[in-house]
Amino acid sequence: MPESPKPELLQQAVSRFAGDAMAVEPGELAKHMERAARLGFAFDGPDELRVQVVDGVAVFYVDGLMVPEAEWPGEIGTRALAAAIREHAALPDVVAGVLALNTPGGTVAGMTDLLAAEREFAEAKPLAAHAVGWCCSAGYWAAMPAKALHASPGATLGSIGVMRQLLDNTKLLEQIGVRYETIATGDLKAIGYPGVAITEQHLAYAREQVEFTYAAFKGDVQGRRQLAAAQLAEVTTGGTWYAEQAIASRLHDGIQSLESTIAGAKPASSPVRSSTMAESAKTEPAAPQAATLKQLKEKFPTSTAEWREEQIEAAATLTDAAIDFANAQAERAAAAEKAAGDAKAEAEKAAARQSAKTEPKASTRGVVVSDSDPVAEADPMPTDYRAMAEEYMAKHKCRWSEACLAVKRKHSDSRASFGAPPTSYMDKYKD
């Protein structure tokens, strides 16, 4: 088992992202920081940005944690990526582009320029996106300017959300005898700075910034994926889904290989489109393969043998099966919820009946009667009927008797008790 990183190195890794607004899959961010701390930051800089032109299609490999400037291995600099996208948009021999996404997301900083560069490319040339592995949070956001988003089998999509963490180390500093004096020109200027206590004002400000960014993120997702409000709410919980599950929520346009996405990215009239790749693009999607029993067991381990048999008989593909399985789960959840509600209602009725048998009832006229008194059983609350009659009389400016008769007709209860007319109306409306 690898040795755990030293606490001070892990704290140093964590502090790099402290205070930043993040659109990232939290678990992968934690792993990224732990790897850097375990290595003691002893590495030769970040990985190189990869861009490959395949038969006229520029493939931009968005591989790693997205940050404005890459510093560690496993990171991709969004500024460098935006520059590369703009550069290839201007090349005459590039006729289309593909974002090959394998990223858990990253910092919000740098996303505005990256999205702008992608939109500029998409206005000039076709731009597609493909979820190779992770396509989460800021990584998913980066796919929104593309005309289509496809996914490899088993890819993970979602984690739509924004977070920000403020570090308050003032108590720790007090314990070790360290005191900071921070001189700032405003209450919010030093927010999140070491030695500065977090206030309610800081938290409110941070929340406002997070919600502002989140609204832009959700707006892009809803607009590109054409989701209704209810559908958007289902996919913006911060959760992630496998590609086979995510298609039911319309998070992507279908499952296929990256090679198929590259081949299909070119415009049909492109002169540099090779005949081999063109044929591949035409024929691959046209022959979907029916799922095997083994595949169904692996992808849907909680499914029943009867359900798997139905899918085999229907020659369903994995995508078809994923949609049917998701719908079946939703139906079961709804049925269980209804059954629970019915059971609760029945239990409440039974408790009410039991209570009615064991406790004497007070009549609506203030006389305690026994449980066997049929008048008491049927006697409604006169206060309610009286209030209805008073409201009706005031609204229609009618006599008290007319109001009482109208309420009786509406509720079909000859035992309704109203009492004498209200004192305030006696002089004006007399029976």
Side-chain angles (χ1 to χ4, degrees), residues 44-67 69-70 72-106 110 113-136 138-157 243 252-282 284-285:
D44 299 326
D47 301 327
E48 185 178 354
L49 173 65
R50 284 199 304 149
V51 181
Q52 184 181 13
V53 178
V54 180
D55 198 24
V57 178
V59 183
F60 305 96
Y61 290 90
V62 188
D63 197 355
L65 187 78
M66 301 169 69
V67 292
E69 298 289 346
W72 303 346
E75 295 180 350
I76 181 167
T78 51
R79 291 195 181 103
L81 177 59
I85 291 173
R86 288 189 172 101
E87 176 187 347
H88 284 77
L91 296 178
D93 58 337
V94 171
V95 297
V98 170
L99 299 166
L101 298 153
N102 184 24
T103 172
D113 186 53
L114 175 61
L115 292 170
E118 292 176 1
R119 292 184 184 110
E120 291 167 15
F121 190 106
E123 289 177 1
K125 301 170 183 179
L127 179 66
H130 188 94
V132 180
W134 289 96
C135 180
C136 295
Y140 187 78
W141 195 356
M144 294 303 96
K147 67 175 182 179
L149 169 61
H150 288 86
S152 295
T156 302
L157 301 92
H252 65 90
D253 298 300
I255 297 174
Q256 63 184 30
S257 65
L258 174 60
E259 290 73 21
S260 295
T261 297
I262 295 172
K266 291 182 184 179
S269 59
S270 172
V272 295
R273 184 181 179 91
S274 69
S275 58
T276 302
M277 295 189 76
E279 285 301 314
S280 173
K282 291 178 182 177
E284 263 188 60

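All values derive from a computational prediction rather than experimental measurement. Values below: all heavy atoms of this structure, side chains included; hydrogens, waters and symmetry mates excluded. Index from 1, following the sequence.
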How long is the span from the CD atom in Glu48 to the CG atom in Asp63, to the nearest 0.5 Å?
13.0 Å

Does Thr78 form a side-chain contact (heavy atoms from CB on, under 4.5 Å) with Glu69? I'd like the steps, not just the answer.
CA-CA 7 Å; Thr78 51; Glu69 298 289 346; over 6 Å; no

Return the minimal non-hydrogen interatomic distance between Ala129 and Leu101, and the atom names on each side.
CB-CD1, 4.1 Å

About how many Å separate OH of Tyr61 and CG of Leu49, when rounded to the nearest 0.5 Å?
11.5 Å

Glu118 vs Phe121, test: side-chain contact (heavy atoms from CB on, under 4.5 Å). Steps then yes/no.
CA-CA 5 Å; Glu118 292 176 1; Phe121 190 106; 5.6 Å; no

Output the distance between atom CG (Leu149) and atom CG (Leu99), rounded to the nearest 0.5 Å.
9.5 Å

For Ala148 and Asp253, work out which heavy atoms get closest and say how close.
CA-OD2, 3.4 Å

Taking Lys125 for the side chain and Ala89 for the main chain, is one N or O donor matched with an acceptor at less than 3.5 Å?
yes

Could you check whether Phe60 and His88 have their ring centres less than 6.0 Å apart?
yes

Taking every heavy atom of Ala138 against every heavy atom of Gly106, the minimum-distance pair comes out as CB-N, 3.7 Å

Under 4.5 Å between any side-chain heavy atoms of His150 and His252, yes or no?
no

Can you tell if the side chain of Lys266 reaches within under 4.5 Å of the side chain of Asp55, non-hydrogen atoms only?
yes

Under the 3.5 angstrom rule, does the side chain of Asn102 hit a backbone N or O of Val132 as a donor-acceptor pair?
no

Is there a side-chain contact (heavy atoms from CB on, under 4.5 Å) between Asp113 and Arg86 once you walk through the steps?
CA-CA 11 Å; Asp113 186 53; Arg86 288 189 172 101; 3.1 Å; yes

Quick one: do Leu114 and Leu81 satisfy side-chain contact (heavy atoms from CB on, under 4.5 Å)? Show the steps, please.
CA-CA 7 Å; Leu114 175 61; Leu81 177 59; 3.7 Å; yes

Testing the basics here: between Ala122 and Pro145, what is the closest heavy-atom pair and its distance to 0.1 Å?
CB-O, 3.8 Å

Can you name the residues that form a ring pair (Phe, Tyr, Trp, His ring centres under 6.0 Å) with Trp134, not counting sequence neighbours?
none

Measuring from atom CD of Gln256 to atom NE2 of His130, what distance do you get when rounded to the nearest 0.5 angstrom?
6.5 Å

Working to the nearest 0.5 Å, report the span between CD of Glu120 and CD1 of Ile85.
9.5 Å

Show every side-chain hydrogen bond (donor to acceptor under 3.5 Å, both in side chains) that has at least one partner inside residues 140-149, sequence neighbours left out.
Trp141-Asp220

Over all heavy atoms of both residues, which pair between Pro267 and Val95 is shortest? Give the atoms and the distance, please.
CD-O, 3.9 Å

Check whether any side-chain heavy atom of Leu127 sits under 4.5 Å from a side-chain heavy atom of Val98, and report yes or no.
no

For Val62, is there any backbone N or O sitting under 3.5 Å from a side-chain donor or acceptor partner on Thr103?
no

Closest non-hydrogen atoms of Asp47 and Gly74, given as atom of the first, atom of the second and distance, are OD2-N, 2.9 Å

Is it true that a side-chain atom of Ser152 and a backbone atom of Ala155 form a donor plus acceptor pair closer than 3.5 Å?
no

Side-chain heavy atoms of Cys135 within contact of Thr156, under 4.5 Å
no

